[in-house]
Amino acid sequence: MAKMQLKLGNLTAVLGTQWGDEGKGKLIDILSEEFELVVRAAGGANAGHTIYLRDPSNPTTSKKFVFHLVPSGMLHPTCTCLIGNGVVLHLPTLFEEIELLEKNNISTNGRILIADRTHLLFHYHKLIDGLQEERKGDKKVGTTGRGIGPCYADKTSRMGIRIHELLDFEKFETKFRQNFETLKKLYKPLELYSPEEELSYLKKLAAKIKPMLVDGAHYLHEAYKNGRKILVEGANGSMLDVDHGTYPFVTSSNPTIGGISTGTGLPGRAFTSLVGIMKAYVTRVGSGPFPTELKDQLGEDIRQKGGEFGATTGRPRRCGWYDSVIGKYAVMLNGLTDINLTKLDVLTGLETLKIATAYKYNGQVLPSVPADLDIMENMEIEYLEMPGWTENIGDIRSFEDLPQNAKNYVLKIEELIGCKISSIGVGLERDAMIFR
Ligand code: GDP
Ligand code: IMO
Ligand code: MG
């Protein structure tokens with residue numbers, strides 16, 4: 001289905017372009033029918049990538065899968081999945097997901113590989129995440145509580161532990177205990193946690209992990225040279241990028257193109273396509289500025305209709321109008337070649353749609369997304385208005401068949417952000433996608 005319609009080449013990355021949850025999982029699942037390798041590059045179990053799989057024996061029902069660490073290519077038996085070195089990996093979560101797949105008769109045997117340089121995330125990272133949020137009080141980030149920030153902090157402060165170290169368990173255990181002691185001095189409540197159970201779990205796991213480890217970058221380069229098609233799965237979104245997002249209300253990695261490259265070892269110039277996923281409106285979970293947020297009944301209506309509740313934490317997602325300033329910013333930062341506009345069906349029935357076209361501060365139009373969050377919270381937003389449509393678009397599979405006002409809406413976004421919208425999501429299921 002996807003193969004004839006999107007010409008993406010042998011090395012493609014799929015990236016979130018807003019504040020996450022744009023619908024990356026669904027496109028990755030569709031594309032992995034033709035990609036032999038799917039690689040997660042960054043983030044950790046903060047990600048929640050949803051895929052609906054129709055039951056072959058009863059096509060009116062579907063099974064919902066939400067992947068936090070397992071790459072979203074797992075539902076295609078021909079696909080091998082690699083957890084890239086840029087990921088922070090909580091092994092119990094990974095093995096829960098593997099167990100769930102096996103329970104659903106999806107074989108994972110030999111299909112999940114892990115780059116040996118991948119940093120491990122432990123329970124104490126999650127505890128520290130919670131303690132840091134508590135200390136921040138009303139300035140809290142609203143993290144997913146998955147320990148992401150503390151684990152990346154250990155990585156960059158050069159005290160992190162990488163998965164290959166598990167193979168020499170004695171050495172691993174010594175380092176683990178040293179780290180835990182160091183962190184206990186900084187976070188007193190850690191004294192209440194005993195890591196013995198976790199250590200014994202990890203010790204048992206080491207033998208199981210060994211055959212899954214590969215030298216990630218070398219493996220990927222060999223695969224690439226041998227003509228295997230590789231799809232890199234981004235997590236989170238550009239506006240959550242620790243460098244380019246709404247800092248400090250961001251995650252602790254680079255969901256943008258830089259993180260795709262460092263998180264896999266695949267050089268930027270080798271990519272044949274970079275597909276940005278954009279919701280036809282905008283959502284955000286957690287705190288931080290959100291210029292086009294709808295705090296009224298309309299925002300609530302979109303949340304209900306779009307099922308906008310976090311795939312990882314179940315928190316209600318904040319909803320707002322499509323914002324072409326951040327759309328254009330993501331196209332620029334990532335050098336996107338294609339856009340997948342998702343959830344267009346959710347906007348059906350709205351009489352008027354608004355699109356943010358510019359940010360204005362002190363009477364001046366800002367050139368891009370400002371760094372200063374005080375400006376971001378207080379700037380004016382310029383909107384254009386477009387008429388909506390009422391027809392159900394869920395069964396439409398060709399752009400030409402969309403209602404004229406829906407086509408106009410898509411074409412206007414394309415014009416404003418300067419990147420081709422080559423696919424449009426019109427529903428939850430694998431086949432609910434229009435390819436242009
Ligand atoms: P991800 O983190 O980017 O993979 O996105 P999530 O899975 O967190 O959230 C996206 C949600 O939107 C999921 O529940 C998807 O099933 C759903 N979704 C994706 N594309 C579409 C679409 O085109 N239409 C509708 N109605 N839902 C969609
Ligand atoms: P996917 O891949 C939506 C947000 C959190 C919080 C901030 C920091 O499903 O799109 P963290 O736990 O990373 O320290 O939290 O980043 N966040 C996400 N929001 N989707 C995600 O991933 C996210 N990953 C992190 O809500 O605001
Ligand atoms: Mg998600």
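Counting starts at 1 for both ligands and their atoms, following the listed order.
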If every non-hydrogen atom of Lys24 is compared with every non-hydrogen atom of Asp21, which pair is closest and at what distance?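 Shortest heavy-atom separation between Lys24 and Asp21 comes out as NZ-N, 3.4 Å.
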Nearest heavy atoms of Leu121 and His90, plus distance in Å: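 Where Leu121 meets His90 most closely, the heavy atoms are O-CD2, 3.3 Å.
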Taking the ring centre of each residue, are Phe249 and Phe290 less than 6.0 Å apart?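 Here the rings of Phe290 and Phe249 have centres that are no less than 6.0 Å from each other.
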Could you check [atom] against the protein and tell me its nearest heavy-atom contact, residue, atom and distance included?
{"atom": "atom 19 (C) of ligand 1", "result": "Lys26 CD, 3.9 Å"}
{"atom": "atom 10 (C) of ligand 1", "result": "Asp21 O, 3.7 Å"}
{"atom": "atom 2 (O) of ligand 1", "result": "Gly48 O, 2.9 Å"}
{"atom": "atom 1 (P) of ligand 1", "result": "Lys24 N, 3.5 Å"}
{"atom": "atom 26 (N) of ligand 1", "result": "Asp345 OD2, 2.7 Å"}
{"atom": "atom 9 (O) of ligand 1", "result": "Arg317 NH2, 3.5 Å"}

Test your reading of the structure: does [X] have an N or O sitting under 3.5 Å from an N or O of ligand 1?
{"X": "Ala432", "answer": "no"}
{"X": "Gly23", "answer": "yes"}
{"X": "Gly25", "answer": "yes"}
{"X": "Lys279", "answer": "no"}
{"X": "Gly427", "answer": "yes"}
{"X": "Glu22", "answer": "yes"}

Is the closest heavy atom of [X] to ligand 2 under 4.0 Å?
{"X": "Arg146", "value": "no"}
{"X": "Gly48", "value": "yes"}
{"X": "Arg317", "value": "no"}
{"X": "Gly142", "value": "yes"}
{"X": "Arg315", "value": "yes"}

Rounded distance [0.5 Å steps], [atom1] in [X] versus [atom2] in [Y]:
{"X": "Ile393", "Y": "Asp345", "atom1": "CD1", "atom2": "CG", "answer": "5.5 Å"}
{"X": "Asn46", "Y": "Leu240", "atom1": "CG", "atom2": "CG", "answer": "8.5 Å"}
{"X": "Lys407", "Y": "Gln404", "atom1": "NZ", "atom2": "CD", "answer": "4.5 Å"}
{"X": "Ile51", "Y": "Glu429", "atom1": "CD1", "atom2": "CD", "answer": "12.0 Å"}

Sub-3.5 Å donor-acceptor pair from the side chain of [X] to the main-chain atoms of [Y], do we have one?
{"X": "Lys136", "Y": "Gly142", "value": "no"}
{"X": "Asn392", "Y": "Gly394", "value": "yes"}
{"X": "Glu22", "Y": "Gly20", "value": "yes"}
{"X": "Glu308", "Y": "Arg317", "value": "no"}
{"X": "His119", "Y": "Arg162", "value": "no"}
{"X": "Tyr409", "Y": "Pro387", "value": "no"}
{"X": "Tyr281", "Y": "Lys343", "value": "no"}
{"X": "Thr264", "Y": "Asn85", "value": "no"}
{"X": "Lys305", "Y": "Val346", "value": "yes"}

What protein N/O/S atoms lie closer than 2.8 Å to the Mg ion (ligand 3)?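 The answer, once waters are left aside, is Asp21 OD1, Gly48 O.
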Go through ligand 2 atom by atom and flag the ones less than 4.0 Å from a non-hydrogen atom of [X].
{"X": "Ala235", "result": "2 (O)"}
{"X": "Gly286", "result": "27 (O)"}
{"X": "Ala47", "result": "1 (P), 2 (O), 9 (O), 22 (O)"}
{"X": "Val141", "result": "8 (C), 27 (O)"}
{"X": "Lys24", "result": "1 (P), 2 (O), 10 (O)"}
{"X": "Val250", "result": "7 (C), 8 (C)"}
{"X": "Trp19", "result": "3 (C), 19 (N)"}

Checking contacts here: is it the side chain or the backbone of Phe249 that comes within 4.0 Å of ligand 2, counting heavy atoms only? Could be both or neither.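 None of Phe249 does.
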Applying a heavy-atom cut-off of 4.0 Å, say which part of Leu240 lies close to ligand 2: side chain, backbone, both or neither.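 Leu240 to ligand 2: side-chain contact only, backbone stays beyond 4.0 Å.
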Which of the numbered atoms in ligand 1 are below 4.0 angstrom from a heavy atom of [X]?
{"X": "Tyr52", "value": "16 (O)"}
{"X": "Leu428", "value": "16 (O), 17 (C), 25 (C), 27 (N)"}
{"X": "Gly425", "value": "23 (O)"}
{"X": "Ala311", "value": "8 (O)"}

Please examine the side chains of Leu91 and Leu166, heavy atoms only from C-beta on, and report whether any two atoms are closer than 4.5 Å.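 Result yes, sub-4.5 Å side-chain heavy-atom pair found.
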Report yes if some heavy atom in the side chain of Thr143 is under 4.5 Å from a heavy atom in the side chain of Thr251; otherwise report no.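 Heavy-atom side-chain distance check fails, nothing below 4.5 Å.
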Count the heavy atoms belonging to other residues, nucleotides or ligands that lie under 6.0 Å from OH of Tyr247, then report whether that count exceeds 12.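 At most 12 heavy atoms, drawn from other residues, nucleotides or ligands, come within 6.0 Å of this atom.
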Would you say NZ of Lys140 has more than 12 non-hydrogen atoms from neighbouring residues, nucleotides or ligands within 6.0 angstrom?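 Result for NZ/Lys140: open.
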[Y] and [X] side chains, donor-acceptor separation under 3.5 Å:
{"X": "Gln18", "Y": "Thr283", "result": "no"}
{"X": "Asp116", "Y": "Tyr219", "result": "no"}
{"X": "Asp241", "Y": "Thr256", "result": "yes"}

When you look for heavy atoms under 4.0 Å from ligand 1, do you find them on the side chain of [X], its backbone, both, or neither?
{"X": "Thr50", "value": "both"}
{"X": "His49", "value": "both"}
{"X": "Leu344", "value": "neither"}

Out of [options], whose heavy atom is nearest to [atom]?
{"atom": "atom 25 (C) of ligand 2", "options": "Asn46, Val88, Thr313", "answer": "Asn46"}
{"atom": "atom 1 (P) of ligand 2", "options": "Asn236, Ile277, Thr144", "answer": "Asn236"}
{"atom": "atom 18 (N) of ligand 1", "options": "Glu233, Lys305, Lys343, His68", "answer": "Lys343"}

Taking Phe122 as the fixed residue, which of Phe180, Phe176, Tyr201, Tyr193 is the one that meets the ring pair (Phe, Tyr, Trp, His ring centres under 6.0 Å) rule?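 Answer after filtering Phe180, Phe176, Tyr201, Tyr193: Phe176.
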